[in-house]
Amino acid sequence: MAEKTETDWQALLTPEQFRVLRDHGTEHRGSSPLLQEKRTGTFRCAGCGQPLFSSATKYESGTGWPSFYRPIEGAIGTTTDRSHGMTRVEVHCGNCGGHLGHVFPDGPAPTGERYCMNGVALKFEPT
């Protein structure tokens, strides 16, 4: 995928998507319609369309953000995030690098991980 400029991303994304995906923002808790998404399908990156999570790994975490216990293999990357006076593991799209959210070690079996994602950074594709 060719590198996009900031202007390219601004033309492609809504202002809220740009704030989250490109500027590492966070959407308001409970604001994503994807919290209620129960259909079978794939959650993709809103920036580039990369498949990120299967609906089979989505669960209700009670946090106010769409949560998953496992990404699709090879779909994401992680970095250490030391912003806001804490150390967290940031999750980004493995293809375009867009900021998706964070992963925490308090999820359900079988992984014990909670991929807490910004819904605005995702697009759902039903099967």
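These numbers come from the heavy atoms of this one structure, side chains and all, not from hydrogens, waters or symmetry mates. Sequential numbering from 1 along the given sequence is applied to the chain's residues.
Judged purely by atom type and a 3.5 angstrom limit, Gln17 uses its side chain to pair as donor or acceptor with the backbone of Thr14. Within the 3.5 Å criterion, the main-chain N or O of Tyr69 finds a donor-acceptor partner in the side chain of Thr111. With hydrogens and angles ignored, the 3.5 Å screen pairs a side-chain donor or acceptor of Lys58 with a backbone N or O of Leu35. A distance-only check finds no donor-acceptor pair linking the side chain of Glu90 to the backbone of Thr80 [under 3.5 Å]. With hydrogens and angles disregarded, no donor-acceptor distance shorter than 3.5 Å links the side chain of Arg82 to the backbone of Arg88. Asp81 contributes a side-chain N or O that, together with a main-chain N or O of Ser83, makes up a donor-acceptor pair within less than 3.5 Å. Distance alone, capped at 3.5 Å, is enough to place a donor-acceptor pair between the Asn118 side chain and the Leu100 backbone. Distance alone, capped at 3.5 Å, is enough to place a donor-acceptor pair between the Ser67 side chain and the Trp65 backbone.
Ring geometry, His102 versus His99: the interplanar angle exceeds 60°, so the pair is classed perpendicular (tilted spans 30 to 60°).
Listed by chain and number, the residues in a ring pair (Phe, Tyr, Trp, His ring centres under 6.0 Å) with Phe53 are Phe68, Tyr115 (sequence neighbours excluded).
Atom NE2 of His24 is surrounded by more than 12 heavy atoms from other residues, nucleotides or ligands within 6.0 Å.
From Arg44, atom CZ reaches atom SG of Cys93 across 11.0 Å, with rounding to the nearest 0.5 Å. Remark: Leu12 CG to Thr7 OG1 distance equals 12.5 Å, nearest 0.5 Å.
Between Glu16 and Glu27 there is a side-chain heavy-atom pair separated by less than 4.5 Å.
Salt bridge Glu125/Lys123: absent, no basic N to carboxylate O contact under 4.0 Å.
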